[in-house]
There are 8 protein chains.
Amino acid sequence: MNAGELAGLLGDVAAGRLSAAAAIDRLRHFPSESLPYATIDHHRALRQGQPEVVFCEGKTVEQVAGICRRLADVGGSFLGTRATTEQADALRGEHERLVWHPIARVVHLPDATVGAPTGRVLVVSAGTSDLPVAEEAAVVAEAFGHAVDRLHDVGVAGIHRILAARERLDATDVVIVVAGMEGALPSVVGGLVRQPVIAVPTSVGYGASFGGIAALLGMLNSCASGVTVVNIDNGFGAAAAASRILRR
Amino acid sequence: MNAGELAGLLGDVAAGRLSAAAAIDRLRHFPSESLPYATIDHHRALRQGQPEVVFCEGKTVEQVAGICRRLADVGGSFLGTRATTEQADALRGEHERLVWHPIARVVHLPDATVGAPTGRVLVVSAGTSDLPVAEEAAVVAEAFGHAVDRLHDVGVAGIHRILAARERLDATDVVIVVAGMEGALPSVVGGLVRQPVIAVPTSVGYGASFGGIAALLGMLNSCASGVTVVNIDNGFGAAAAASRILRR
Amino acid sequence: MNAGELAGLLGDVAAGRLSAAAAIDRLRHFPSESLPYATIDHHRALRQGQPEVVFCEGKTVEQVAGICRRLADVGGSFLGTRATTEQADALRGEHERLVWHPIARVVHLPDATVGAPTGRVLVVSAGTSDLPVAEEAAVVAEAFGHAVDRLHDVGVAGIHRILAARERLDATDVVIVVAGMEGALPSVVGGLVRQPVIAVPTSVGYGASFGGIAALLGMLNSCASGVTVVNIDNGFGAAAAASRILRR
Amino acid sequence: MNAGELAGLLGDVAAGRLSAAAAIDRLRHFPSESLPYATIDHHRALRQGQPEVVFCEGKTVEQVAGICRRLADVGGSFLGTRATTEQADALRGEHERLVWHPIARVVHLPDATVGAPTGRVLVVSAGTSDLPVAEEAAVVAEAFGHAVDRLHDVGVAGIHRILAARERLDATDVVIVVAGMEGALPSVVGGLVRQPVIAVPTSVGYGASFGGIAALLGMLNSCASGVTVVNIDNGFGAAAAASRILRR
Amino acid sequence: MNAGELAGLLGDVAAGRLSAAAAIDRLRHFPSESLPYATIDHHRALRQGQPEVVFCEGKTVEQVAGICRRLADVGGSFLGTRATTEQADALRGEHERLVWHPIARVVHLPDATVGAPTGRVLVVSAGTSDLPVAEEAAVVAEAFGHAVDRLHDVGVAGIHRILAARERLDATDVVIVVAGMEGALPSVVGGLVRQPVIAVPTSVGYGASFGGIAALLGMLNSCASGVTVVNIDNGFGAAAAASRILRR
Amino acid sequence: MNAGELAGLLGDVAAGRLSAAAAIDRLRHFPSESLPYATIDHHRALRQGQPEVVFCEGKTVEQVAGICRRLADVGGSFLGTRATTEQADALRGEHERLVWHPIARVVHLPDATVGAPTGRVLVVSAGTSDLPVAEEAAVVAEAFGHAVDRLHDVGVAGIHRILAARERLDATDVVIVVAGMEGALPSVVGGLVRQPVIAVPTSVGYGASFGGIAALLGMLNSCASGVTVVNIDNGFGAAAAASRILRR
Amino acid sequence: MNAGELAGLLGDVAAGRLSAAAAIDRLRHFPSESLPYATIDHHRALRQGQPEVVFCEGKTVEQVAGICRRLADVGGSFLGTRATTEQADALRGEHERLVWHPIARVVHLPDATVGAPTGRVLVVSAGTSDLPVAEEAAVVAEAFGHAVDRLHDVGVAGIHRILAARERLDATDVVIVVAGMEGALPSVVGGLVRQPVIAVPTSVGYGASFGGIAALLGMLNSCASGVTVVNIDNGFGAAAAASRILRR
Amino acid sequence: MNAGELAGLLGDVAAGRLSAAAAIDRLRHFPSESLPYATIDHHRALRQGQPEVVFCEGKTVEQVAGICRRLADVGGSFLGTRATTEQADALRGEHERLVWHPIARVVHLPDATVGAPTGRVLVVSAGTSDLPVAEEAAVVAEAFGHAVDRLHDVGVAGIHRILAARERLDATDVVIVVAGMEGALPSVVGGLVRQPVIAVPTSVGYGASFGGIAALLGMLNSCASGVTVVNIDNGFGAAAAASRILRR
C-alpha cells in the first residue's frame with residue numbers, strides 16, 4: 001500500500017465516502033491471508049514484481065498442498081522449490097497443468113497466458129554435480145519469464161572450456177555462475193564479462209569444502225570486482241536476483 | 001581481445017600484412033604492463049566497462065604511487081580504495097586534480113571529461129557506524145558515473161524510519177543496503193522493493209558479531225528473495241555490482 | 001531449603017526435638033531420589049516454581065517411563081519434551097490422562113486440578129517451517145499455566161504482516177519470537193513493543209544457515225535493545241523463561 | 001503511533017480538522033529526526049518505555065556530541081554506553097549535570113525529575129575481571145529507574161560463595177549473571193532461584209575462551225531451564241531486558 | 001626397549017654372545033607384529049603399563065576379530081571400545097570368557113588371573129543421557145584393575161545433588177566428571193575436591209552445543225584450577241588417564 | 001594447445017592452407033566434448049600428463065557410465081574414484097577389462113599396453129581405519145604407472161613402528177602419509193626423510209577431530225619443513241601430486 | 001566445611017554451647033572475604049590443598065595489590081600468574097620477599113617455611129617459542145612444592161631429540177608437555193612413558209595454527225591413550241593438575 | 001644415525017674398539033646441542049638435505065643470535081625466516097657476510113662455497129600484496145641452491161595475464177603459486193601445467209577472507225588434481241617442499 005493508495009484512502013475518508021472505522025479496517029487488512037500454519041502474501045507480486053514462491057523443504061505435503069491451492073485460487077499460478085517427489089505427486093493430482101522439474105526439484109503452475117520472455121540469463125556451472133542447483137536457477141528464471149541459456153561443466157581446471165564460450169558469455173544480459181569445491185569460476189567469468197555476475201556456491205565437494213563454505217568464501221573474496229553472491233545451493237535466489245535486474 | 005579482434009588479426013596474417021611471428025607476439029602481449037611488483041591490466045575498461053581500481057590496503061606508498069602513475073599516464077584517470085592518509089597525501093602531491101574522500105578512504109583522479117550520470121543508486125545504511133562502508137559504496141558509484149542518493153541510520157529496530165522512506169526507495173534503480181550487527185535491514189528492504197538489492201555486511205558490532213560474520217550470514221540467509229551479497233565491508237564491490245547492472 | 005527452613009531445623013535441634021545425627025541426615029537427604037540412571041529432583045517445584053521437566057531426547061523408552069512414573073507417583077504430574085512417538089505411546093499406555101502434542105513433541109500429564117491461567121504469552125513465528133519449535137513453546141507455556149496466543153508465518157520479508165498485528169502485540173505480557181534463516185523478526189518485534197521479548201532461533205534454513213547459527217547470531221546481535229535469546233530450537237526454554245517472568 | 005492515535009488522526013481528517021495532505025505528512029513525519037549521519041528516534045520512549053540510548057563505540061566525538069545534543073534538547077536526558085574518556089570529556093563540557101561512570105564506560109544525563117525506583121535487579125559476577133560488564137549492567141539498570149544490588153566474584157569454583165548469598169538472591173526481582181571463562185555461574189544461579197535470570201557472557205578469559213564464545217555457548221546450553229542470554233559483554237542489553245520485565 | 005635392555009644387548013655383542021648383524025635385527029624387530037591391515041604393538045604393556053586397546057569404530061568385523069585373535073594368542077587378554085553389537089557377537093563366538101558391556105559398548109577378555117583392584121575412581125555424570133560415556137569410563141577403569149564408584153545425573157542446575165555427595169567425593173583417588181550441554185559440572189567438582197579431576201565432555205545436547213563443543217570449551221576454560229580434559233565422548237581416555245595416575 | 005601448435009596453425013593461415021574462418025573455428029574447438037551434463041576434456045593428458053579422472057561421487061549411474069563410455073571410446077582407458085558398488089557394477093557390465101578396487105572405491109580401465117612403472121611411492125598410514133584413503137592413493141598411483149609400497153598402522157603413539165621402517169622410507173622416491181586423529185605422523189616422517197612428503201588428513205576420529213579438521217590443521221602446521229598437504233580423505237590428490245613429481 | 005565440621009557445629013547447638021542464630025551466622029560466614037571487587041576464598045587451601053592463586057590479567061594494579069595484600073595478611077603467601085611488569089613492580093614495593101619470574105610472568109610470595117619438595121615434574125617443550133608457557137608451568141609447580149626438571153626444544157621433526165631423553169622421561173612422576181604448531185609431541189611422549197602426561201597447547205604458530213587451535217585439537221585427538229589436556233597457553237593449569245596428582 | 005652407522009658402531013663394540021658404556025653414550029649423544037632455550041639439530045642436513053632453519057618469530061634477539069652463532073660455528077651457514085629488522089641488525093653486526101632480504105624478512109649466511117643451482121622454481125603470485133610471501137619462497141629457494149623465476153600480480157580476474165606466461169610456466173621444474181583472497185590461481189595454473197604445483201595461501205584480503213582461511217580452503221578444494229598446499233603465508237614451507245622435489 002503505497003503513498004498514492006494511502007492518499008486515495010484518506011481522500012475517501014475526508015469526503016465521507018469511508019468511515020474512519022472502515023479505513024482503519026482496510027489499513028489493517030492488507031492482502032495477506034491466514035491459514036492455520038501460514039500467512040500468505042498475495043500482493044507480493046505488486047510489491048516485488050515476482051509471485052509468492054513456496055519453499056517446500058521442511059513443510060508437510062498437506063501444508064504445501066494447502067498453500068498452493070490458495071495461491072492457485074487467488075492468482076492462478078504458483079512456483080515451488082525444493083519439492084520432494086511426494087509433494088510434487090500430491091500437487092500433480094490436484095493441478096492438471098502443473099510442470100514438475102525433477103532435477104531442479106521445482107514445481108510450476110504457469111499463468112494461463114505467458115508473454116514473450118524478457119531478457120536473457122546464462123547459467124554456467126563448474127561441474128556435473130552442480131547440475132541440480134544450476135537447473136533450479138535455470139527453471140526458475142524461465143518461470144519468471146526470461147530466456148535461459150546453459151553452459152555446464154566448464155570449471156577452471158580446464159580453463160579453455162570457459163574461454164571457448166566467449167560468444168555465449170557476450171550474448172547474455174545476466175550471468176549466473178554455479179560452482180562447488182573452490183568456487184573459482186565466478187572470478188574468472190567476472191573478469192571476462194561486463195554484465196552482472198551472480199555467484200552461487202554449491203555444497204558439492206568433500207572434506208575441507210565443509211558443505212559449500214569453501215566455495216562461498218571463495219566467491220565472497222572474488223578478486224573480480226562486482227561479483228555478488230547468494231546462499232549455498234540457492235539457485236532460486238540467483239534467479240530471483242537476475243529477475244530483479246531484468247525487470248527494471 | 002574478443003572474437004572480432006582475433007578475426008582481424010588472423011585476416012592480417014592471411015593477407016600477409018602481419019607475419020606469423022608477429023601475430024604470436026601480439027597474442028601474447030595483451031595490453032597488460034609489468035612493473036616489478038604489479039601487472040597492470042590497461043584494457044580492463046574494454047573488457048568490463050570499468051577502469052582498473054587500485055586496492056591500496058597492504059601496498060606501500062611507493063607501490064600505490066607507481067601503479068597510479070602508470071594508470072594516469074595511459075588512461076588519464078584512476079580510482080583507489082582503502083587508501084591511507086599517507087597514500088592520499090603522496091598522490092595529491094603528484095596529481096593536481098585528485099579528489100580525496102577521507103570517510104570513504106577513496107582517492108579519485110576523474111576523467112577530464114565527465115558525462116551525465118547514468119542510472120540512480122540508493123545507498124541505505126542501518127547505523128551511523130556503518131558510514132565509512134556506505135560512503136565507499138556511494139563515492140565509488142559516483143566515480144563510476146551514476147547518480148547516488150543516501151539514507152543513513154534507518155535500522156530495523158525503528159522500522160518506521162525505513163517505511164517512511166518508501167518514496168525514495170521507489171525512485172531508484174538499484175538499492176545498496178549496508179548494515180552491521182544482525183544485518184536484517186536488507187531483508188526488510190528486499191521485501192519492500194522490486195529493484196535489485198545488493199547487501200553489504202559491515203564489521204560494525206561486538207561480541208558475537210564476530211567482525212561481521214553475523215551480518216554476513218543474516219544477509220546470505222535473507223528471507224527476501226533475490227537479495228545478493230558482497231564481502232564484509234566491501235562497499236566498493238557493491239558499487240561495482242550496481243555499475244554492472246546500470247551499464248547494461 | 002532456605003534460611004528459614006534451616007533456622008527451623010536448627011531450632012528443633014536446640015530444643016532437643018531433633019538429634020544432631022537426624023539433622024545431618026535431613027540436611028543430606030534433600031528431596032532428590034536416585035534411580036540407577038537418574039537423580040530426580042522432586043523439590044525443584046519449590047525452588048523454581050516449575051515442575052521437573054524430562055528432556056526425552058537421548059533417553060531410552062525405559063528410562064523415560066521410569067522417570068515419569070516416579071514424578072507421577074510423587075507429584076501427580078509431569079511434562080516431557082522432545083519425545084518420540086514411541087516414548088509417547090509407552091507413556092500413554094501407563095498414564096490415562098496423558099496429553100500428547102505430536103507437532104510440539106511434548107507429553108503432558110497435567111495436575112488433577114488446574115487453576116486459571118496467569119499472564120499471557122504471544123508466540124510469533126517467522127515461517128511455517130518454524131512451527132514445531134513455536135508449538136513447543138506454546139504448549140509448554142500452557143502447561144505452565146499461562147494463556148497463549150499464536151501468530152505464525154509473519155517474517156520480515158513481508159513486513160506488513162507483523163505491522164498488521166500491532167494490537168495482538170500490545171495485548172500480551174511476554175512475546176516469544178521464533179525464527180530461522182536470518183532470524184531478523186525479533187529485532188523488528190523488539191523495536192515495536194515494550195514488553196519482554198524472548199528470541200528463539202531455529203535450525204530452519206540451509207547452506208549458510210549452518211543449522212541455526214545464522215539465526216542465533218542475528219538474534220544475539222539484535223539492534224533492538226533488551227531482546228534475550230535461548231538455544232537453537234529451544235522452544236521449551238523460551239516458555240520456561242516466560243514463566244519465570246509471569247510468576248514473579 | 002498506535003491504532004488509537006491513528007483513529008484520532010483519521011477522525012480529525014473525517015471532521016475536516018485536518019486535510020488529507022497534512023495527514024499524509026504527519027504519517028510520514030514520525031518523530032524521527034535526520035542528522036547528516038544519524039536518524040534519531042525521539043519517540044522510542046513512547047514505543048518501548050526506554051529512552052534512545054547512544055552506542056558510542058565506532059562513532060566520532062563529533063557524532064556522539066551531535067546526537068546527544070539533540071536528545072538533550074528534545075527530551076532533556078540521554079544515556080551513552082561504551083563511551084571513551086575523550087567522548088565523555090566532550091559531553092561533560094557541554095552538559096553540566098552529566099554523570100560519567102568510567103568503569104562501566106557509561107555517560108548519563110538524567111532527567112531533571114527522577115521518581116522512586118521500580119523493582120530490584122541483582123547483578124552477580126563470576127570474577128573481578130568481569131567488573132566492567134557487570135557495572136555497565138548495574139549503572140544502566142539504575143539509569144532506567146530500578147534499584148540495583150551487586151554481588152561480585154562468586155564464580156562456581158568456590159561454590160559456597162554463591163550459596164552463602166541465598167538471601168540476597170531471594171530478595172530480588174530479576175537476576176543478571178555476568179561471567180566469562182566457562183560461563184557456568186548462570187546455570188547454578190538458575191537452579192537456585194525462581195526469578196528471571198539473564199545471562200551475560202564476557203570476553204574475559206584466554207586461549208579456548210575465544211573472546212567469550214566458550215561462555216556464550218555455556219550459557220545457551222545451560223541445563224537450568226529458562227535462563228536467557230544476551231550478546232558477549234552486553235551488560236547494557238541485560239539491563240534493558242531486565243527493564244522490559246520490571247516495567248510490565 | 002629401555003636403556004637397561006639396550007645395555008644388555010650391547011653387552012652381549014661386546015662379549016661375542018651376539019653378532020652385530022643379529023643385534024641390528026633385534027633392534028629392528030621390536031615386538032610389533034604386522035597383519036595386512038594393522039601393526040600390533042605387543043609390548044605396549046611393558047612401555048605404558050596398559051594393554052593394547054582396540055578402537056573398534058571404523059573397522060570391519062573381520063579386522064576387529066583378526067586383531068583381537070592375535071592379542072588373545074600373545075597376551076591372553078584384550079579390551080575393545082566403541083564396539084558394535086555385530087562385532088561383539090563375532091568375538092563372543094570365538095572367545096568364551098568375553099564380557100560384553102552394551103551400554104558402554106566395550107568388549108573385554110580379562111586376564112585369566114585378576115589381582116585386587118588398585119586405587120579408586122569415582123565416575124560422576126551430569127545427566128542420564130551421558131550414561132554411555134560414563135559407563136565406558138567406568139568399565140575401562142575396572143578392566144584396568146581399579147575400583148570404581150558411580151554417581152549419575154547430578155548436574156549443576158540442582159546443585160544440592162552434588163553437594164550431598166561430598167563424602168563419596170572425599171573417598172576416591174581420582175574423579176572423572178562426564179557432562180554434556182554447558183559442561184559446568186567439572187568446575188564445581190574441581191572446586192570441591194583436592195584430588196585429580198579429569199573432565200569428559202559429551203556430545204549430549206542440541207543446537208548450540210555443536211556436538212559437544214560447548215561442553216569441551218566449558219571444561220577447557222574451567223575456573224577451577226588443575227582440571228584436565230579429554231576428547232568429546234572419550235570415556236576410554238579418561239579411564240586411561242586415571243590409570244596412569246593410579247599406577248604410579 | 002601450446003605455442004608451437006599455435007605457430008603451426010598461424011603458419012597454415014599465412015600459407016593459405018587454412019582460411020581465417022576455419023582457424024577461428026579450430027581455436028574455438030579445443031578437444032573438449034559436450035555431453036548434456038558434462039564437458040569432457042580429452043586433451044588433459046597432453047596438458048598435464050595424466051588422463052581425465054572421473055570423480056563419481058554425486059553423479060548418477062547414467063552420468064558416470066556416459067562419461068566413461070566417451071573416455072573409453074576416445075582414449076581407450078579411464079579411472080574413476082569414489083565409485084559406489086552400483087556404479088562399478090554398471091561399468092563392469094560394459095567394459096570387460098575393468099578393474100574394481102572395492103576398499104579404495106576406484107574403478108580402472110587400464111590402457112591396453114602398460115609400460116614399466118616409473119618411480120616409487122611409499123604409502124604410509126597411521127591406523128587401520130585410514131585404509132580406504134591410503135588404498136585410494138596406492139591404487140591411483142599404480143594406475144598412473146608408478147611402483148607402490150605400503151606401510152600400514154604405524155601411528156606415532158608407538159613410535160618404534162615407524163622408526164623400524166627406516167630402510168623402506170629410504171628406498172622410495174615420494175612418501176604419501178595418511179593419518180586421521182591428530183595427524184602427527186607426517187611431521188615425524190618429514191623429519192626422518194629428505195624426499196617429498198605429501199600428507200593426507202583423513203576423517204577418521206570422533207569428537208574434536210571434527211571430521212578431519214584436527215588432522216588437517218596438524219599437517220598444515222607441521223614443524224617438519226616442506227611437508228605439503230591435500231584435502232581431507234583425498235588419497236587421489238596425493239597420488240596425482242606424487243605423479244606430477246615422478247613424471248618430471 | 002565438611003560433614004565432620006557440620007556435626008561439630010550442630011553438636012554445639014544441641015549442647016547449648018551455640019545459639020541457633022549464631023550457628024546460622026557461622027554457616028553463612030564461610031571463610032571468604034569480600035573486597036569491593038573480589039570475594040577472596042581463604043580456605044581454598046583446606047579444600048583443595050593449593051593456595052588461592054591470583055590471575056592478574058585483566059585486573060588493575062590496584063586490584064591485584066589489594067587482593068594480594070589480603071592473602072599475605074591472612075595466609076602469609078600468594079602466587080600470581082600472567083602478571084605485568086607494572087603489577088610486579090607494585091607488589092615488589094610492598095612485599096620484600098616477593099620473587100618475580102619475568103619469562104613465566106609469575107609473582108610469588110613464598111611461605112616463610114618451605115618443606116622439601118614432594119614428587120617430580122618434568123616439563124618438556126617442543127620449541128624455543130614455547131618457553132614462556134613451559135616456564136609458567138615449571139615455576140608454578142616449584143611454588144606448589146614439587147621438584148621440576150626441564151627439557152626444551154625437542155619437537156617431533158627431530159624425533160631423536162626426545163628419544164635421547166628416555167632416562168629423564170623415566171625418572172619423573174608426571175610429565176607436562178608444552179607444544180604449539182601441530183602439537184604432536186604429547187602423542188609421542190604419551191606413547192613412550194607410563195606416567196601421567198598433561199598436554200599444554202600453546203598459541204605459538206601462525207596461519208592455520210589459529211592461535212593454538214591446531215595444537216589443542218591435535219592434543220585432544222592424541223592417539224596415545226590417557227593424555228589429558230588443559231587450555232591453550234595454560235601452563236599454570238598443567239602445574240595445578242600435576243600438583244593434584246602429586247599431593248594424593 | 002642410519003642403519004649403516006649403527007652397524008659401524010656395533011662393529012666397533014664387537015671388535016672391542018668401543019666399550020658398551022661408550023656406545024650407549026654415543027647413541028645418546030646424537031649431534032644435537034643443548035642451549036638453555038633450544039636443542040639445535042646439527043645433523044638435519046644429513047637427514048633431510050637441508051640446513052636447520054631458524055624461525056625467528058616469537059624468539060628474542062638474544063635467542064636468535066645465540067642459535068645462529070652456534071649454527072655458524074658448527075656448519076658455517078644459517079638461514080632465518082620471519083626476522084625482524086632488529087634481529088637482522090643484531091646478526092649483521094656479528095656475521096659480516098650476512099645477507100638481509102627485508103621484503104622477504106629472511107636473513108641468510110651463505111656457505112662460503114656455493115655450487116651451481118640445481119633445478120628451476122617459478123614463483124607466481126596473484127597480487128602485489130602477496131609479494132612478501134612470494135619473496136620468502138623465492139629467496140629461500142635460492143638459498144637452498146635452486147634457480148628462481150618470478151611472475152607477479154597475475155590473478156585470475158585478468159586471466160590473460162597468466163595465459164600470456166605459458167612459456168615461462170613450461171620452462172620450470174616446480175611451480176609455487178602464492179595467492180590470497182579467493183586463492184583461485186593455483187587451480188588455473190594446476191590445469192595448465194604438468195609439473196608439481198605447490199599452493200601457498202596468504203592472509204591478504206579482508207572480511208570473509210578470515211586471515212587467509214578462504215584462500216586456504218580454495219586451494220585444498222582445488223578442482224585441478226595434484227595441487228598440494230602449505231600453511232597460510234608459509235612461503236618458506238613451499239620452498240622447502242620444492243627443494244625436496246628438486247634434490248631427489
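Quick note on labels: first sequence line is chain A, next is B, and so on, each numbered from 1.
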Open item on the list: When you measure from the side chain of F:Asn221 to the backbone of G:Ala208, do you find a donor-acceptor pair of N or O atoms at a distance under 3.5 Å?
Closed with: yes
TODO: State, to 0.1 Å, how close F:Ala184 and G:Ala184 come at their nearest heavy-atom pair, and which atoms those are.
DONE: CB-CB, 3.3 Å
TODO: Please answer whether the main-chain N or O of G:Ser187 pairs with a side-chain N or O of F:Glu182 as donor and acceptor at a distance below 3.5 Å.
DONE: no
Task: Between CG on residue F:Leu217 and CD1 on residue G:Ile213, distance to nearest 0.5 Å - done: 8.0 Å
TODO: Step through the shown structure and confirm whether more than 12 heavy atoms of other residues, nucleotides or ligands are within 6.0 Å of CG on F:Leu163.
DONE: yes
Task: NE2-CG distance between F:His160 and G:Leu192, expressed to the nearest 0.5 angstrom - done: 10.0 Å
Task: The single option from G:Val189, G:Ile159, G:Val156 passing side-chain contact (heavy atoms from CB on, under 4.5 Å) against F:Ile159 - done: G:Ile159
Open item on the list: If we define contacts as heavy-atom pairs under 4.5 Å, which of G:Gly180, G:Ser222, G:Gly205 has the most with chain F?
Closed with: G:Ser222
Open item on the list: Is it the case that atom CG in G:Leu98 sees more than 12 heavy atoms from other parts of the structure closer than 6.0 Å?
Closed with: yes
Open item on the list: I'd like to check the ring-ring contact (aromatic ring centres under 6.0 Å, His included) partners of F:Tyr206; sequence neighbours left out, ordered by chain and number.
Closed with: E:Phe55
